[in-house]
2 protein chains.
Amino acid sequence: MSEPVTNIQDDTRLKRLQRTLDSGAMKQAGRMLNALRPGEIAHLLEALPLTEREILWGMVDEAQDGEVLVHLTDEVRADLISKMDREELLAATSGLDVDDLADLVQELPQAVTQEIIESLDLQHRSRLEAILSYPEDTAGGLMNPDAVTVRPEVTLDVVMRYMRRLKDQIPEFTDNLIVVNRDGKYLGVLPLITLVTNDPEETVAEVMSLDAKPIPVTWDDGQVANRFEQHDLISAPVINDDGMLIGRITIDDVVDVIREEGEHQFMGQAGLSEDEDMFAPVLISAQRRAVWLWINLITAFLASWVIGMFEATIEKVVALAVLMPIVASMGGIAGSQTLTLTIRGIALGQLSASNTRWLVLKELAVGALNSIIWAAVVAVVAGIWFDSTSIALLIAAAISINLIFAALTGAVLPIALDKVGIDPALAGSVLLTTVTDIVGFLAFLGLAPLFLL
Amino acid sequence: MSEPVTNIQDDTRLKRLQRTLDSGAMKQAGRMLNALRPGEIAHLLEALPLTEREILWGMVDEAQDGEVLVHLTDEVRADLISKMDREELLAATSGLDVDDLADLVQELPQAVTQEIIESLDLQHRSRLEAILSYPEDTAGGLMNPDAVTVRPEVTLDVVMRYMRRLKDQIPEFTDNLIVVNRDGKYLGVLPLITLVTNDPEETVAEVMSLDAKPIPVTWDDGQVANRFEQHDLISAPVINDDGMLIGRITIDDVVDVIREEGEHQFMGQAGLSEDEDMFAPVLISAQRRAVWLWINLITAFLASWVIGMFEATIEKVVALAVLMPIVASMGGIAGSQTLTLTIRGIALGQLSASNTRWLVLKELAVGALNSIIWAAVVAVVAGIWFDSTSIALLIAAAISINLIFAALTGAVLPIALDKVGIDPALAGSVLLTTVTDIVGFLAFLGLAPLFLL
């Protein structure tokens with residue numbers, strides 16, 4: 001038993017807003033809403049059915065619109081954007097950080113995007129275009145080109161005076177100033193803590209930290225997340241192939257990556273996207289779910305076709321029809337356990353050529369051990385139920401075969417899918433159960449004549 | 001097609017270490033290992049089969065042992081701890097932060113824990129005991145009592161001098177100093193950025209930030225994570241019921257919570273724990289997987305028993321046995337889509353009394369629409385296959401019924417489980433497929449006489 005995970009705080013906040021809305025006190029509701037952080041407003045919007053969502057969205061201050069959009073999941077965001085006109089979009093995107101702008105711009109109508117890019121000054125425009133040139137799921141796509149940089153030869157006192165001048169222009173999550181040389185080459189970082197705890201007369205070069213390794217712009221977002229977790233980072237400099245500083249990644253974007261990776265694995269097993277809107281219109285939801293149901297239908301008919309080959313056998317011994325789902329489902333469960341473990345290992349970057357063989361062998365051993373135990377258990381129950389030793393022996397043999405196949409498939413399949421560039425979190429479970437269903441039915445019904453007739 | 005997620009960097013690093021180990025150059029391997037961060041060593045250890053893991057663990061510097069243990073997943077950590085003697089454990093835990101120590105202490109042998117507590121000075125001991133008094137998955141369990149506090153009436157210049165004196169004692173992730181009054185009551189925060197960008201003559205009270213809401217010690221860790229994400233926090237003060245500052249939560253621990261929540265949902269669907277060690281010994285793995293296989297076996301026999309009630313019907317029309325897995329599996333897939341969406345909504349704290357009814361109605365509508373579409377598709381295929389209108393009509397009726405039941409169960413079941421304190425991520429999917437299997441078989445075989453005989 002674990003704790004219920006309901007978020008009480010938001011519950012009451014939603015309720016209070018709801019009550020205020022219901023009572024028609026729109027001004028009051030608007031005030032309550034706009035006192036929240038953009039992230040909180042986004043969270044509330046996602047939790048609202050469509051009509052109420054639209055009413056609430058209309059009440060959000062224009063100045064907050066952009067930040068709220070940035071915090072929304074893709075699908076809800078796309079829905080709200082599609083209902084905004086040109087002026088609203090231009091107003092919402094003005095004043096956003098360049099990395100946030102880059103996220104949004106990709107979902108805006110082409111004409112609006114063009115207008116936004118043209119409205120930027122030269123410096124911002126080239127920064128935006130730089131980010132847009134990197135794939136979204138790489139360090140380049142995650143980074144923000146805004147970073148406070150300092151030269152190694154200046155004193156901390158000078159840095160402090162520089163900081164006071166910058167003041168409100170210092171970007172969020174600035175825990176380090178980045179030290180670069182005259183050409184913009186990355187040299188190291190100057191943590192704020194170091195800045196405030198050292199003698200103002202010392203130079204940056206004397207106190208700067210050299211062991212903060214910069215992140216290459218080509219790293220994928222999973223690698224970036226691992227680096228942040230393993231090095232306990234708040235922000236990290238990003239460099240290009242020549243070692244030049246080109247931007248900075250901050251922990252808030254990394255948290256999004258980690259959150260999305262987890263949701264992707266979880267939602268992917270049911271063929272859903274991590275961006276799925278809980279309150280998407282019925283027609284759209286049904287359409288989107290259809291893909292997975294189609295794939296499943298094909299595999300289900302495949303399994304049925306296998307059963308169909310043994311119609312004559314089933315006609316003679318109907319007990320086979322009664323017991324065959326047990327063989328298939330035990331294989332499915334055992335296989336999905338191995339599959340899940342392997343997919344996580346891949347996602348964490350913990351599976352490599354050197355330990356894959358070990359994992360497969362270990363899972364095969366678990367599968368073999370399981371196959372003996374569960375073959376015995378099922379055989380005893382089925383044997384007593386149908387009062388038949390032959391049925392007991394048959395189902396024992398079929399379950400043994402299926403559990404060993406399940407372990408092998410569960411370990412090898414996701415690794416193979418990953419190798420050829422197919423996402424195992426999406427395709428793994430449906431392929432696995434296809435294998436365990438077919439092997440299960442084939443083994444059980446195919447061996448039946450040997451044991452029974 | 002998505003990018004393969006393999007982490008190339010670690011792969012080569014593992015390989016290089018492996019090669020160095022294989023070549024017997026132990027000293028060199030040790031140097032390579034200890035040049036890494038504790039988080040990286042932990043990541044490597046988790047990716048190694050048991051014997052190699054032990055060899056590598058023996059090569060880790062004693063001074064790093066504690067930090068590495070803190071970064072490991074529970075199961076790998078427990079395994080390594082079980083092989084350490086008293087002296088090693090005492091050495092490893094000395095010098096750890098109090099919150100990290102609190103995590104470790106709960107897994108150490110009672111005698112060692114006692115010795116560690118006694119070895120602490122009075123202040124550290126009372127802090128450790130304070131953390132241990134809160135449940136692990138609450139703000140109290142996550143927090144670290146170490147925080148740099150300042151009084152509102154002092155000037156920034158005084159704060160700077162204070163910081164220089166503290167220097168190396170300033171805890172990690174200090175982005176804010178916490179402002180408290182003489183009695184220790186929380187007043188606000190002084191961001192480091194504010195400290196370095198304002199006139200040193202100003203007082204803390206004049207520049208401190210008041211809108212950083214402190215976190216109540218009783219909040220559960222999911223609420224804490226939501227707060228960090230929605231407010232873009234690096235650290236947050238924790239207060240007790242009287243508004244007194246009692247500690248501070250930092251983003252590194254929140255990232256762990258988010259990572260574990262995602263893994264919990266994903267691994268939970270296969271009845272696995274998020275702490276499962278990929279290379280656990282075969283016997284232990286088999287034992288741990290057994291629970292889920294037992295539960296599945298019982299539900300599978302339940303489904304078989306339902307089929308068994310219709311043996312006579314199947315004997316007359318064997319096509320029923322061939323087609324019945326399709327009815328069950330379409331229900332299972334459709335239901336698990338709804339289930340997955342609902343579980344995520346609960347985990348994100350986005351489902352409340354006010355929108356639950358909406359979600360259930362929407363999912364029922366999707367289910368109803370799906371039931372019409374898929375009943376028609378399956379009916380056509382099955383009708384042609386067995387050249388029988390009766391079979392087409394029968395399977396259409398059964399699939400309609402099962403898909404509507406599946407939608408209802410998928411939406412209502414996790415909410416109900418959560419209400420009574422059972423974790424829907426663990427119990428949800430097995431209960432759902434039990435329902436869809438039984439309803440599917442009952443509807444298809446139970447209605448058969450009406451259509452066929």
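Every residue two or more places apart in sequence or in another chain that forms a side chain to side chain contact (heavy atoms under 4.5 Å, CB included) with B:V381 is listed here: A:F301. Not counting sequence neighbours, the partners of A:L166 by the side chain to side chain contact (heavy atoms under 4.5 Å, CB included) test are A:V148, A:Y162, A:Q169, A:I170.
With a 4.5 Å cut-off on non-hydrogen atoms, B:W358 touches chain A through its backbone and its side chain both. If you measure heavy-atom distances from A:V378 to chain B, the contacts under 4.5 Å come from both the backbone and the side chain. Contact annotation for B:A334: both backbone and side-chain heavy atoms come within less than 4.5 Å of a heavy atom of chain A. For a residue to count as touching a neighbouring chain, one of its non-hydrogen atoms must lie under 4.5 Å from one of that chain's; by this rule A:I326 touches chain B with backbone and side chain alike. Residue contact with chain B, scored on non-hydrogen atoms closer than 4.5 Å, involves the backbone and the side chain of A:A290 alike. In this structure, chain B has no heavy atom under 4.5 Å from any part of A:A303. Contacts between A:F173 and chain B at a heavy-atom distance below 4.5 Å involve backbone atoms as well as side-chain atoms. Of the two parts of A:W294, the backbone and the side chain both hold a non-hydrogen atom closer than 4.5 Å to a non-hydrogen atom of chain B. Proximity to chain A (any heavy atom under 4.5 Å) is shown, for B:L297, by both the backbone and the side chain. Both the backbone and the side chain of B:L293 come within less than 4.5 Å of a heavy atom in chain A. Contact of B:L195 with chain A is made through the side chain alone, with heavy-atom distances under 4.5 Å.
Per-residue counts of heavy-atom pairs under 4.5 Å with chain B were compared for A:D232, A:L283, A:T250; the largest is that of A:D232. Chain B forms the most heavy-atom pairs under 4.5 Å with one residue out of A:V159, A:D252, A:V377, A:I333, and that residue is A:I333. Each of A:A312, A:S429, A:A280 has some count of heavy-atom pairs under 4.5 Å with chain B, and the biggest count is that of A:A280. Counting heavy-atom pairs closer than 4.5 Å to chain A, the top-ranked of the candidates B:I258, B:V306, B:V196, B:T174 is B:V196. Per-residue heavy-atom pair counts under 4.5 Å with chain A were compared for B:M160, B:E311, B:E172, and the maximum is reached by B:E311. Per-residue counts of heavy-atom pairs under 4.5 Å with chain A were compared for B:P200, B:A328, B:G271; the largest is that of B:P200. Interface remark: of the candidates B:L192, B:I193, B:L426, B:I193 forms the most heavy-atom pairs closer than 4.5 Å to chain A. Across A:V255, A:L233, A:T342, A:D168, the residue that shares the most heavy-atom pairs under 4.5 angstrom with chain B is A:V255. Heavy-atom pairs under 4.5 Å with chain B were tallied for A:E46, A:K362, A:M163, A:E363; the largest tally goes to A:K362. With chain B as the partner, the residue from A:I343, A:L323, A:I314, A:N198 showing the most heavy-atom pairs under 4.5 Å is A:N198. In terms of heavy-atom pairs under 4.5 Å with chain A, the best-connected choice from B:A286, B:A425, B:G262 is B:A286. Of all the listed residues (B:G332, B:A382, B:A300, B:A42), the one sharing the greatest number of non-hydrogen pairs under 4.5 Å with chain A is B:A300.
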B:E261/A:R259 under side-chain contact (heavy atoms from CB on, under 4.5 Å): CA gap, chis, key distance, verdict: CA-CA 9 Å; B:E261 188 179 285; A:R259 166 79 79 187; 3.0 Å; yes
Evaluation steps, side-chain contact (heavy atoms from CB on, under 4.5 Å), between B:L348 and A:E263: CA-CA 11 Å; B:L348 290 180; A:E263 292 194 350; 3.8 Å; yes
Go through the steps to decide whether B:D256 and A:E229 satisfy the test side-chain contact (heavy atoms from CB on, under 4.5 Å), and finish with yes or no. CA-CA 8 Å; B:D256 288 345; A:E229 280 189 85; 4.1 Å; yes
Determine, stepwise, if the pair A:L44 / B:Q230 fulfils side-chain contact (heavy atoms from CB on, under 4.5 Å). CA-CA 11 Å; A:L44 280 183; B:Q230 288 162 20; over 6 Å; no
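For the atom pair B:F266 CZ and A:Q269 CD, the distance stands at 4.5 Å (nearest 0.5 Å). To the nearest 0.5 Å, atoms CZ (B:R165) and OG1 (A:T197) are separated by 13.0 Å. Rounding to the nearest 0.5 Å gives a distance of 11.5 Å between CD1 of A:I251 and CG of B:D175. Note that OG1 of B:T194 and NZ of A:K167 are 8.5 Å apart. Values are rounded to the nearest 0.5 Å. Summarising the geometry, atom CE belonging to B:M267 is positioned 10.0 Å from atom CD belonging to A:Q337; distances are rounded to the nearest 0.5 Å. Remark: A:E52 CD to B:N355 CG distance equals 8.5 Å, nearest 0.5 Å.
Closest non-hydrogen pair, A:S336 versus B:A270, comes out as O-CB, 3.9 Å. Residue A:F441 comes nearest to B:P325 through the heavy atom pair CZ-CG, 4.3 Å, listed as atom of the first residue, atom of the second, then distance.
A donor-acceptor contact under 3.5 angstrom links the side chains of B:E40 and A:H231, judged on distance only.
With a 4.5 Å cut-off on side-chain heavy atoms, A:M324 and B:I307 do not count as touching.
For A:R344 (side chain) and B:E274 (main-chain N/O), a donor-acceptor pair under 3.5 Å exists by modelled atom type.
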